[in-house]
Amino acid sequence: MSTPIESRPVVVIGGGISGLTAAYRLTRASIPVHLVESADQLGGLGMGGEIGGVEIERFYHCVMPTDEHLLPLLDELGLADAIRWQRTTMGMNVDGRRFPFNSAVDLLRFTPLRLAHRIRFGAVSLLLRRLGRGKDLDNTRTEDWLRSVYGPTVWQRLLKPLFGAKFGDAFGEVPARYLYQRLGRESNVATRGYPEGTYRAIVDRLRTAIESGGGRVLCGVGVQRVTLGDDGATVRLVTGEEIAAQSVVSTVPIPLLASLADEPLRAELPQVRLDYQGVVNAVFLLDQPLDGHYWAPVINCDTDFDGVVEMSALTGTERLGGRSLVYVMHYCGRDSALFAESEQEIARRWTAQLRALYPDRLTAAATVEEVRIFKAPFVEPIPTLGYHERMPAARVGDTNVFLATTAQIYPDVTSWNSSVGLADRVVREVMNNRESAGRRAVANA
Ligand SMILES: Cc1cc2nc3c(=O)[nH]c(=O)nc-3n(C[C@H](O)[C@H](O)[C@H](O)COP(=O)(O)OP(=O)(O)OC[C@H]3O[C@@H](n4cnc5c(N)ncnc54)[C@H](O)[C@@H]3O)c2cc1C
């Protein structure tokens with residue numbers, strides 16, 4: 001006799017925020033869940049690290065007041081009050097010079113652009129949301145749209161390096177809708193939030209809720225194989241354990257899932273061609289603050305990195321013992337020379353570059369207490385024209401395998417917020433599918 005549907009678990013692959021949210025929602029609905037994470041910690045790209053004895057995120061993370069999916073989840077978990085909100089500002093490092101970039105006066109003083117271009121930049125930026133309304137931005141190249149509204153100089157000198165940092169040379173080809181959406185999430189002067197107890201507080205609370213709801217959480221145990229069956233799938237773990245799942249929710253990048261899938265599942269996976277940018281990111285613990293801007297793009301300054309995030313401008317320095325926490329980053333392919341370079345070499349070169357960029361702050365006497373390098377191979381899926389139409393659906397064909405991955409976030413910006421929203425949608429489909437399967441089983445009994 002086969003196992004009844006209601007006792008067959010859902011296996012969630014990946015313990016980042018998508019997998020944690022999916023597993024949490026399923027346990028809340030009294031559905032048995034196994035959450036499987038290959039790393040030795042949960043949290044995915046928001047995973048914790050350590051520098052100078054202080055707990056940090058490996059990659060800079062913040063919460064936005066517009067996080068319409070994440071904030072209600074935090075509320076549900078009793079963590080709404082754990083977010084500390086702070087007004088943050090933006091700087092701009094261009095040609096080795098540093099500018100504040102927060103007000104009309106700052107823009108007027110922004111000499112890397114000629115006055116006429118500054119005025120055009122300011123006027124168009126104010127109108128940009130309206131200029132994009134009703135346009136087919138999904139099928140318009142970012143370069144074409146921005147060149148047409150800002151002119152070629154502002155595009156080349158400012159916008160391409162500013163917004164293109166995440167996508168490299170592919171940025172001009174990305175649909176303009178991505179940028180249009182991003183402008184809805186970010187502004188120069190912005191209130192940002194950071195959880196007390198770091199992002200681990202959120203991860204730990206989700207884990208506790210899953211386990212106390214009867215879910216099983218496995219860490220440091222990767223999924224090795226997913227094999228389709230007639231009414232579900234078998235998930236084999238690296239330990240050799242096999243789980244007969246009613247359904248599977250995969251949150252790992254689609255190319256990774258393809259490498260885990262058996263032939264019939266691989267054939268069903270969305271055939272969308274999608275490249276991913278990875279990231280190389282350095283974290284510095286300094287005995288000096290920099291300029292106090294949360295975010296400062298770096299353009300044409302003889303650095304390998306394209307941006308500086310002064311995290312302690314958001315979190316305060318108390319938990320850092322008065323020290324400053326700074327992230328710098330370069331998004332690049334996982335097959336690039338930088339990605340392959342040793343952490344020591346990157347740390348050495350980027351420390352020198354950061355000192356050269358802030359010579360008045362990081363004087364010879366200033367101490368760079370520690371530098372940590374973290375890399376991630378799959379960070380930003382690079383959408384191409386018309387991607388919205390081709391974006392993978394939640395369900396893989398007629399199988400019981402579901403996807404909740406960053407490749408399905410577009411046109412939203414990849415973030416914890418958008419992953420929570422996606423996981424919520426996918427879990428609703430999983431539950432509908434499970435109910436239908438249950439009804440069919442009863443009818444056939
Ligand atoms: C530099 C940087 C800055 C960012 N800044 C912000 C920010 O300020 N605010 C914000 O909200 N978001 C930010 N993000 C984006 C955010 O981190 C991601 O969008 C989000 O974490 C994606 O979550 P996920 O669960 O979909 O994927 P991931 O976090 O990638 O999780 C996937 C998980 O699957 C696991 N896995 C892989 N293979 C297997 C296997 N075979 N078996 C089991 N498990 C497996 C991985 O180890 C990983 O834990 C940032 C990201 C980066 C890199």
Side-chain angles (χ1 to χ4, degrees), residues 11-23 34-49 57-64 66-67 69-71 73-74 83 88 165-166 185-186 190 192-195 199 202-203 206 217-226 235-239 243 248-261 276-283 294-295 305-307 309 311 314 327-332 374-381 403-410 412-423 426:
V11 173
V12 178
I13 308 179
I17 188 60
S18 303
L20 283 162
T21 306
H34 297 251
L35 174 66
V36 187
E37 166 57 54
S38 57
D40 55 9
Q41 281 186 67
L42 298 171
L45 293 171
M47 195 180 285
E57 285 70 44
R58 293 172 185 212
F59 305 103
Y60 54 96
H61 273 70
C62 70
V63 182
M64 301 300 280
T66 46
D67 282 353
H69 307 292
L70 178 62
L71 292 175
L73 174 67
L74 297 183
I83 303 296
T88 59
K166 268 194 178 170
R185 181 175 148 90
E186 294 166 24
R192 289 183 158 86
Y194 183 80
Y199 272 67
I202 306 175
V203 170
L206 280 164
V217 178
L218 290 115
C219 242
V221 180
V223 167
Q224 196 175 54
R225 198 84 183 142
V226 183
V235 178
R236 189 171 74 227
L237 310 184
V238 290
T239 52
I243 308 172
V248 172
V249 177
S250 172
T251 70
V252 302
I254 297 172
L256 275 186
L257 177 61
S259 70
L260 305 174
Y276 285 78
Q277 279 286 68
V279 74
V280 176
N281 158 113
V283 193
Y294 176 77
W295 166 231
F305 50 82
D306 312 302
V309 170
M311 184 51 85
L314 168 61
Y327 292 71
V328 306
M329 79 302 297
H330 180 71
Y331 288 82
C332 55
F374 297 107
K375 302 176 185 177
F378 294 98
V379 173
E380 289 293 330
L403 305 176
T405 82
T406 49
Q408 296 153 283
I409 298 291
Y410 174 87
D412 287 335
V413 178
T414 51
S415 68
W416 273 40
N417 177 60
S418 38
S419 290
V420 169
L422 175 67
V426 173

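Order of appearance sets the numbers: ligands from 1, and atoms from 1 within every ligand.
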Side-chain touch Val252/Phe378, heavy atoms, less than 4.5 angstrom: no
Which segment of Ser419 sits under 4.0 Å of ligand 1 when only heavy atoms are counted: side chain
Nearest neighbour of atom 1 (C) of ligand 1 from the list Tyr60, Trp295, Phe378, on a heavy-atom basis: Tyr60
Contact check, His61 vs ligand 1, heavy-atom distance below 4.0 Å: yes
Options Gly307, Gly19, Gly14, Pro377, ranked by nearest heavy atom to atom 34 (O) of ligand 1, top entry: Gly14
For ligand 1, the portion of Asp67 having any non-hydrogen atom under 4.0 Å away: neither
Within reach of ligand 1, part of Tyr199 (heavy-atom separation under 4.0 Å): neither
Nearest candidate to atom 25 (O) of ligand 1, where distance is taken over non-hydrogen atoms, out of Ser18, Ala39, Ala423, Gly193: Ser18
Spatial distance of atom CD1 (Ile254) from atom CD (Gln408) [nearest 0.5 Å]: 6.0 Å
Location of contacts on Val252 toward ligand 1, heavy atoms closer than 4.0 Å: side chain
Ring centres under 6.0 angstrom apart (Tyr199, His61): yes
Val379, portion touching ligand 1 at heavy-atom distance under 4.0 Å: side chain
Result of checking Leu74, Asp67, Leu73 against Val420 for side-chain contact (heavy atoms from CB on, under 4.5 Å): Leu73
Qualifying residues under side chain to side chain donor-acceptor pair (under 3.5 Å), relative to Gln224, sequence neighbours excluded: Arg236
Chi angles and distances behind the side-chain contact (heavy atoms from CB on, under 4.5 Å) call for Met47, Glu57: CA-CA 6 Å; Met47 195 180 285; Glu57 285 70 44; over 6 Å; no
Any Leu237 side-chain heavy atom under 4.5 Å of Val36 side chain: yes
Check: Trp416 N/O within less than 3.5 Å of ligand 1 N/O: yes
